[in-house]
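Chain naming here is simple, since letters A, B, ... match the order of the sequence lines and numbering starts at 1 in each.
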There are 2 protein chains.
Amino acid sequence: MKNTKRAKLEAAGWAVGSVKEFLGLSDADAVLINMKLGLSRSLRDRRKKCGLSQVQLAEQLQSSQSRVAKMEAGDPSVSMDLLVSSLLLLGATSADLAKAIRGGEKGKGRHAA
Amino acid sequence: MKNTKRAKLEAAGWAVGSVKEFLGLSDADAVLINMKLGLSRSLRDRRKKCGLSQVQLAEQLQSSQSRVAKMEAGDPSVSMDLLVSSLLLLGATSADLAKAIRGGEKGKGRHAA
DNA sequence: TGACACTATGTCTGATATGACATAGTATTC
DNA sequence: GAATACTATGTCATATCAGACATAGTGTCA
């Protein structure tokens with residue numbers, strides 16, 4: 001994956017799902033980014049639902065507030081592994097993750113919700 | 001994630017799903033490993049279905065045969081990102097990935113106890 | 001206003017994953 | 001057996017990611 005492309009997307013202020021290949025972004029890249037964004041959103045939701053601050057979550061994860069922020073921001077520097085293991089630590093199940101991944105996709109043929 | 005634990009598991013010849021916490025393996029770690037194994041299997045299946053050798057797939061991925069082998073072997077040194085983007089390049093959809101992830105899980109939902 | 005809690009962003013250093021290469025194992029065919 | 005194609009495993013240099021820290025932005029409340 002080329003993180004630089006994603007950075008460009010974000011710099012441009014785009015919600016990735018809506019662009020597809022507005023840049024040189026390959027389909028696979030776009031889908032991967034959408035999956036990550038789905039996980040990001042899921043993480044934030046779950047954290048809030050648990051009534052935790054980023055600092056508190058960071059403690060649970062044995063990480064730092066800045067990393068949590070980046071995770072939730074969909075920063076290119078965070079891996080899927082980190083997102084997933086964080087979600088798991090928050091009690092997400094495989095089914096939850098599967099849903100988050102599919103929720104991250106923007107509809108391949110149509111953009112129907 | 002602690003890759004060392006997984007290495008130990010594999011060294012012991014275990015299919016991860018069957019052990020849960022036979023080692024100091026946390027629940028979250030176990031689930032993550034199972035998800036990766038699900039993706040590994042899915043990758044091998046998809047490659048074979050496409051009639052590709054590891055070398056050929058490696059070319060498509062702009063990677064190397066050894067890395068493909070490790071991916072399919074569930075080697076601890078391969079990330080979820082790599083597995084997922086490889087699968088996407090082979091034409092898998094988000095839905096396919098979601099299924100592979102859930103397929104990788106062994107038991108009931110981990111949460112309720 | 002100031003103080004406070006929360007979140008965002010940039011950067012550093014150490015850890016880990018990556019592709020590449022070598023090499024060994026496994027069939028299969030001649 | 002030799003030769004071929006495919007796959008597995010180990011190692012290495014480099015690229016990327018991790019946690020940590022500083023610091024800036026945001027919102028709330030007294």
Side-chain angles (χ1 to χ4, degrees), chain A residues 1-13 28-29 32-33 35-37 39-41 43-89, chain B residues 1-13 28-29 32-33 35-37 39-41 43-89:
Chain A
M1 166 183 57
K2 290 287 151 317
N3 282 334
T4 46
K5 289 178 182 171
R6 180 174 195 180
K8 278 196 243 171
L9 278 179
E10 292 178 338
D29 279 345
L32 180 55
I33 290 178
M35 287 179 47
K36 284 201 189 182
L37 288 180
L39 294 170
S40 294
R41 282 190 281 268
L43 179 64
R44 184 182 294 253
D45 290 351
R46 195 166 278 270
R47 174 177 65 79
K48 294 210 159 158
K49 202 174 286 183
C50 292
L52 297 172
S53 70
Q54 290 184 345
V55 173
Q56 291 172 312
L57 176 53
E59 285 167 8
Q60 286 202 25
L61 297 175
Q62 315 215 81
S63 179
S64 56
Q65 179 267 327
S66 59
R67 201 118 281 274
V68 173
K70 286 179 223 281
M71 283 192 239
E72 295 185 353
D75 190 283
S77 85
V78 342
S79 71
M80 207 158 158
D81 293 70
L82 186 61
L83 284 167
V84 166
S85 44
S86 300
L87 278 162
L88 290 175
L89 229 49
Chain B
M1 165 181 59
K2 291 284 150 321
N3 282 334
T4 47
K5 289 177 181 171
R6 179 174 196 180
K8 277 197 244 171
L9 279 179
E10 292 180 336
D29 280 343
L32 181 56
I33 290 178
M35 287 179 46
K36 284 202 190 180
L37 288 180
L39 294 171
S40 294
R41 283 189 281 267
L43 180 65
R44 183 182 296 252
D45 290 351
R46 194 167 277 271
R47 174 177 65 80
K48 294 209 159 158
K49 202 174 286 182
C50 293
L52 297 172
S53 70
Q54 289 184 345
V55 173
Q56 291 172 313
L57 176 54
E59 284 166 10
Q60 286 203 25
L61 296 175
Q62 316 215 82
S63 180
S64 56
Q65 179 267 327
S66 60
R67 199 120 288 271
V68 172
K70 286 179 224 280
M71 284 192 237
E72 295 185 352
D75 190 284
S77 85
V78 341
S79 74
M80 207 158 159
D81 293 68
L82 186 61
L83 285 167
V84 167
S85 44
S86 301
L87 278 162
L88 291 175
L89 229 50

Nearest-Å distance, CE (A/Met80) to C1' (C/dT16)? 18 Å

Looking at A/Gln54, I'd like to know whether one of its side-chain N or O atoms comes within less than 4.0 Å of OP1 or OP2 on C/dA8. yes

Are the side chains of B/Val78 and B/Lys36 in contact, using a 4.5 Å heavy-atom criterion? no

Are the side chains of A/Arg41 and A/Leu37 in touch, meaning some heavy atoms are under 4.5 Å apart? yes

Short side-chain N/O contact to C/dG19 OP1/OP2 from B/Ser66, under 4.0 Å: no

Touch class at under 4.0 angstrom, heavy-atom based, for A/Ser64 against every strand present: base

Can you check the B/Leu83 CG to C/dA17 C1' distance for me, whole Å? 12 Å

When rounded to whole Å, the CD to P distance for the pair B/Glu72 and D/dA8 reads 6 Å

Hey, does A/Gln60 have a side-chain heavy atom less than 4.5 Å from the side chain of A/Leu89? no

Strictly below 4.0 Å: does B/Arg47 bring a side-chain N or O up to OP1 or OP2 of D/dT7? yes

Distance check needed: D/dA20 P versus A/Gln62 CD, whole Å only. 9 Å

Output the rounded distance in Å from CD (A/Glu59) to P (D/dC21). 13 Å

In short, the helix from C/dT1-D/dA30 to C/dC30-D/dG1 is bent end to end, axes from five pairs each side, to 10°, by 30°

Out of D/dA8, D/dG19, C/dT18, which has the shortest distance to the side chain of A/Arg67? D/dG19

Verify the contact: side-chain N or O of B/Arg44 to OP1 or OP2 of D/dA8, cut-off strictly under 4.0 Å; return yes or no. yes

Using side-chain contact (heavy atoms from CB on, under 4.5 Å), reason through B/Met80 and B/Leu32 one step at a time and then give a plain yes or no. CA-CA 9 Å; B/Met80 207 158 159; B/Leu32 181 56; 4.0 Å; yes

Here the distance between atom P of C/dA20 and atom CG of B/Leu82, to the nearest Å, is 12 Å

Starting at NZ of B/Lys70 and ending at P of D/dC12, how long is that distance when rounded to a whole Å? 13 Å

Side chain to side chain, B/Met71 and B/Leu61, heavy atoms closer than 4.5 Å: yes

For A/Arg67 and A/Ser77 the tightest heavy-atom approach is NH2-OG, 3.3 Å

Residue A/Val55, side-chain heavy atoms: nucleotide from D/dC6, C/dT7, C/dT18 that is nearest: C/dT7

Is A/Ser63 near enough to D/dG19 that one of its side-chain N or O atoms lies under 4.0 angstrom from OP1 or OP2? yes

Figure out the CG/C1' separation between A/Asp75 and D/dT16, and round it to whole Å. 12 Å

Pick the nucleotide of DNA chain C nearest each of B/Leu61 and A/Leu52; which residue has the one closer to the 5' end? A/Leu52

For A/Ala58 versus A/Gln65, what's the shortest heavy-atom pair and its separation? CB-N, 3.6 Å

